[in-house]
Structures are given as C-alpha cells and as structure tokens.
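All heavy atoms count here, side chains included; hydrogens, waters and symmetry mates do not.
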Amino acid sequence: MRLKILQVGEAVLRQPALPLTREQVALAETQQLIAWMRETMRDAPGVGLAAPQVGFPLQLAVIEDPPEHSKGITQQELAARERQPTPFHVLINPRIVARSEEQAEFFEGCLSLAGFSALVKRSYSLTVEYWNERFEPQRTEARGWYARILQHEIDHLHGRLYIDRMEPRSFMNVENLNKYWKDQRVETVREALLKASAAE
Ligand code: ZN
C-alpha cells in the first residue's frame, strides 16, 4: 500500500518521534508499516522516508539509493557528492555517535517539501548506531551522500526539516534548480544568490 506523504505544515513533522521497543518492532503492524514505507519511498521516488512523514511519530526510517536513481546524473556529479548505490535498510532509534568537523554543501530536497530545494551544509562523515527491523544492533560509518541521507532522515525523527538548516537565499523550486543551478558549482551558486544587496 502506498501511504500519503504529509507536507510541511502537519504538526507530526515537527514533533520528536518516540523510540520503539523490541516488542513493538516485532508486531505485525510495525512490520507492515515498514513494508508500506518501502513501497511508498520507491513509488515517490525517494532515497529515504521517515515514519513521521506518513503520520507515525515513531523513530523509524527506511533508506535505499538504488543504482537506477543515479542514471540521469553525470559521473562528475556523482563523484562530487560521493554518491554510491545504497541497499534497502531500516533504521530504528538511530543515534549519531560521532561526526566529522568537515562539512559538505549541496542542494537537498524532501518529499514533505515537494517541488523545492535548497543548499544545506551537513557533516561530511558520521557514525550512526541503530537497530534494524529484527531489532539487531547496527553501527555504520557513512560519508558522502549516504551520510547526508542519514542526517536528513534522523532530523525527521527529531521534528527537524532541511529548511531549518538551509542557506535561506538558495531556496528555490525544482524547476529553477534544473533550469539554472543543477550543474553549477556550489561556489558559483553562492556567488550568484547569497551576496546581500548593496542597496539598503
Ligand atoms: Zn525529508
């Protein structure tokens, strides 16, 4: 079943999500929700989906960046973002336990802010501990685009959206992103859009 993806303005997107217990994860209802979230993410399509986005205030998210998603993207762009295919997996009660000082800045979007994008600075690499759908403890060290996806999804579980972290003057609709800025270097975008007007 495809679930309705809630858009910004719904309170559940701004509330801290509740951690899941081992017993809750084992419930058929939770396993069903995970399957529906996977289907909804693939259908959207997106590379991640958090339970609050489909109306459940739970610390649960799914992630998948399949090779098909990278097809229309140049090798140069993929390399710049350090974007590599990531298999489907489930994050339950994730915690960021370490992150790099170094940051990376790229355009980012969200299924709950459909049609928009902005530059967002994120830690370049980080370590995350979480449980999977069988409630087995997991630890992952991520960098590049996957590290960005993890930070974006974990933010959702704390009621945060990318617009809380974005460079406000880079906010734009996807049509204009594709028309003008998609293939530009971040420095060029910053130069063009972020300079404050000289006139008072
Ligand atoms: Zn999102």
Please tell me if the side chains of [X] and [Y] come closer than 4.5 Å, counting only heavy atoms from C-beta onward.
X: Tyr162; Y: Phe107; result: no
X: Pro16; Y: His158; result: no
X: Pro85; Y: Pro66; result: no
X: Arg139; Y: Thr127; result: yes

So if you build clusters from Ile, Leu, Val, Met, Phe, Trp, Tyr with side-chain heavy-atom gaps below 4.5 Å, do [X] and [Y] land together?
X: Val47; Y: Leu113; answer: no
X: Phe171; Y: Leu194; answer: no
X: Leu161; Y: Leu157; answer: no
X: Val186; Y: Trp181; answer: yes
X: Leu119; Y: Met172; answer: yes

First locate atom [atom1] of [X], then atom [atom2] of [Y], and finally report the distance between them rounded to the nearest 0.5 Å.
X: His156; Y: Leu13; atom1: NE2; atom2: CG; result: 7.0 Å
X: Arg83; Y: His69; atom1: CZ; atom2: NE2; result: 7.5 Å
X: Leu193; Y: Thr188; atom1: CG; atom2: OG1; result: 10.5 Å
X: Thr30; Y: Glu23; atom1: OG1; atom2: CD; result: 11.0 Å

Practice prompt. Begin with the C-alpha distance, continue with both residues' side-chain angles, and end with the deciding distance and a verdict on side-chain contact (heavy atoms from CB on, under 4.5 Å) for Glu108 and Ser117.
Written response: CA-CA 5 Å; Glu108 190 172 312; Ser117 189; 5.6 Å; no

Discussion item. Under the criterion side-chain contact (heavy atoms from CB on, under 4.5 Å), I'd like the reasoning laid out for Tyr130 against Thr140: C-alpha separation, chi angles, the key distance, then a yes or no.
Written reply: CA-CA 8 Å; Tyr130 63 97; Thr140 186; 3.8 Å; yes

Where do [X] and [Y] come nearest, in terms of heavy atoms and distance?
X: Arg148; Y: Ala104; value: NH2-O, 2.8 Å
X: Pro52; Y: Ala17; value: CG-CB, 4.3 Å
X: Ser100; Y: Tyr124; value: OG-N, 3.3 Å
X: Phe106; Y: Ala80; value: CZ-O, 3.3 Å
X: Arg143; Y: Ser125; value: CB-CB, 3.7 Å
X: Ala61; Y: Glu153; value: CB-CB, 4.2 Å

Worksheet item: Does one side chain, of Ser112 or Gln53, offer a donor that lies under 3.5 Å from an acceptor on the other?
Response: yes

Taking [X] for the side chain and [Y] for the main chain, is one N or O donor matched with an acceptor at less than 3.5 Å?
X: Ser123; Y: Leu126; result: no
X: Asn173; Y: Asn176; result: yes
X: Thr86; Y: Gln84; result: yes
X: Gln151; Y: Ala147; result: yes
X: Thr21; Y: Gln24; result: yes

Discussion item. Would you say the rings of His89 and Tyr146 are close, in the sense that their centroids are separated by under 6.0 Å?
Written reply: yes

Worksheet entry | Stepwise salt bridge (Lys or Arg N to Asp or Glu O under 4.0 Å) test for Arg14 and Asp164 | CA-CA 11 Å; Arg14 290 313 203 166; Asp164 306 348; 2.8 Å; yes

[X] atom [atom1], over 12 foreign heavy atoms within 6.0 Å:
X: Gln76; atom1: CD; answer: no
X: Glu175; atom1: CD; answer: no
X: Gln75; atom1: CD; answer: no

Discussion item. The criterion is side-chain contact (heavy atoms from CB on, under 4.5 Å); which residues satisfy it with Arg165, sequence neighbours excluded?
Written reply: Val120, Arg122, Asp155, Arg160

Worksheet entry | Glu167/Lys121 ion pair, N-O < 4.0 Å | no

Worksheet item: So which residues get pulled into Phe88's cluster when ILVMFWY side chains under 4.5 Å apart are joined, directly or through others?
Response: Met1, Leu3, Ile5, Leu20, Val25, Leu33, Ile34, Trp36, Met37, Met41, Leu49, Val54, Phe56, Leu58, Leu60, Val62, Val90, Ile92, Leu111, Trp131, Phe135

Practice prompt. Could you pull out all residues at least two apart from Asn178 that satisfy side-chain hydrogen bond (donor to acceptor under 3.5 Å, both in side chains)?
Written response: none

Item to complete: Please assess Glu129 against Gln138 for the test side-chain contact (heavy atoms from CB on, under 4.5 Å), listing each intermediate value before the final yes or no.
Response: CA-CA 6 Å; Glu129 291 179 353; Gln138 308 288 312; over 6 Å; no

Worksheet item: Between Val128 and Arg95, is a side-chain contact (heavy atoms from CB on, under 4.5 Å) present by the stated rule, with each step listed?
Response: CA-CA 5 Å; Val128 176; Arg95 278 192 318 131; 6.0 Å; no

